[in-house]
Amino acid sequence: MLAGLGVVAFSLTFPATAWGLESFGPWSLVALRSVLAALVAGGVLLAARVPLPARRHWAGLAVVGGGVVVGFPLLTTLALQTSTTSHAAVVVGLLPLTTAVLGSLRTGERPSRTFWIAALAGAAVVIAFTVQQSGGALTSGDLYLFGALLVCAAGYTEGGRLARVMPGWQVVGWALVLCLPLAVAGSLVALPLEPVHLNAHGVLGLVWVAAGSTFLGLYVWYRGMAAIGVARASQLQLAQPLLTLVWSFLLLGEEVSAAAPVAAVAVLVCIAATQRAGRRAGRKP
């Protein structure tokens, strides 16, 4: 349930980013979301009097920060200047499989053959649907999207590993605090160079990507990953592109094809198969 809540929070990221770009430039939006999220996280850590992490964990926290706090938000925000949110969902369609592969290599998890078959099938369904949804055309933002895929998978994997040795909210909190100096510097440079046109959509989009996607979403996501494993949790994200398409239709007015219900059912079947295979693997001695 925790990992699933994280997926719901992440599914709103692209529409919220599109809203945020109505008021802020791409560099300003990414820098401000990191600053706001870091201030929230730092306040929580300070109020709870959490001690500094052990030195051996700082490298992993840097990977988390570089991947999910800086890299993925920046690359996807740049991509959304030329891509629709439905097209950008291609990244999320590939992310579960990439995270499962990196998680197996980094944490030593060994999912069953049934798991991998279901994971590959789910990725194929999502990719086919999202490419069909975008007309099969590649955009100039695709390079950003594929880069975002790699850095985010690395951040998810490392965060899931660290969440086994410290609470998930502390993993998120310290990664955000670690990136705060860079975010502040980026804000000071970007804001004077990029025009700001404040409106309700822009402010709401900024607040959500900072507090919802970056802090709350990552908190429940890493806690869920620590409980059920990186590979199993990653496959819940197969539902994320479809949820994103729903939000894009409701919030942005983007069109969604009639194939969406069929793809949704197929994805849910694949998710159920990966979770069942994961539970069976977890019971083996």
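Keep in mind that what you see is a predicted model, and the values were worked out from it rather than measured.
- Smallest separation of non-hydrogen atoms from L176 and A41: CD1-CB, 3.8 Å.
- Using a 4.5 Å heavy-atom cutoff, the side chains of L78 and W27 are in contact.
- With hydrophobic clusters built from ILVMFWY side chains whose heavy atoms lie under 4.5 angstrom apart, L45 does not share a cluster with L180.
- Using a 4.5 Å cut-off on side-chain heavy atoms (C-beta onward), V68 and V172 make no contact.
- Hydrophobic clustering (ILVMFWY, side-chain heavy atoms < 4.5 Å, transitive): V64 and V7 are in one cluster.
- Counting heavy atoms from C-beta on, the side chains of Y156 and V151 never come closer than 4.5 Å.
- Rounding to the nearest 0.5 Å places NE2 of H57 at 12.5 Å from CH2 of W174.
- Side-chain contact between Q170 and P53: absent, with no pair of heavy atoms (C-beta onward) separated by less than 4.5 Å.
- A distance-only check finds no donor-acceptor pair linking the side chain of S11 to the backbone of Q240 [under 3.5 Å].
- Remark: side-chain polar atoms of S23 are paired, donor with acceptor, to backbone N or O of H197 under 3.5 angstrom.
- The CG atom of L245 lies 11.0 Å from the CG atom of L252; values are rounded to the nearest 0.5 Å.
- Checked against side-chain contact (heavy atoms from CB on, under 4.5 Å), A185 has no partners two or more places apart in sequence or in another chain.
- Counted within 6.0 Å of CH2 on W247, heavy atoms from surrounding residues, nucleotides or ligands total 12 or fewer; the atom is thus considered open.
- Distance check: F215 CZ to L39 CG gives 11.5 Å after rounding to the nearest 0.5 Å.
- Counting only heavy atoms from C-beta outward, the side chains of T214 and S34 never approach each other to under 4.5 Å.
- Here L236 contributes atom CG and L5 contributes atom CG; the two are 10.5 Å apart, rounded to the nearest 0.5 Å.
- Note: H201 and W19 have parallel aromatic rings, judged against thresholds of 30 and 60 degrees for the angle between ring planes.
- For the residue pair E194/S28, the side-chain donor-acceptor check at 3.5 Å is satisfied.
- Annotation: the span from L243 atom CG to T13 atom OG1 amounts to 11.5 Å, rounded to 0.5 Å.
- Using the six-membered ring where Trp is involved, W221 and F10 have ring planes that are perpendicular, over 60° apart on the 30 and 60° scheme.
- Nearest heavy atoms, C179 versus V70: SG-CG2, 3.9 Å.
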| task | In sequence, state the C-alpha distance, the side-chain angles, and the governing distance for W58 and L52, and then conclude on side chain to side chain contact (heavy atoms under 4.5 Å, CB included). | result | CA-CA 10 Å; W58 281 106; L52 289 173; 4.2 Å; yes

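- Closest non-hydrogen pair, L21 versus G25, comes out as CD2-C, 4.2 Å.
- Panel note: side chain T76, backbone P73; a donor-acceptor pair is recorded below 3.5 Å.
- Within the 3.5 Å criterion, the main-chain N or O of V30 finds no donor-acceptor partner in the side chain of T77.
- Distance check: E158 CD to L61 CG gives 8.5 Å after rounding to the nearest 0.5 Å.
- Here the shortest heavy-atom pairing between W208 and A9 reads NE1-O, 3.5 Å.
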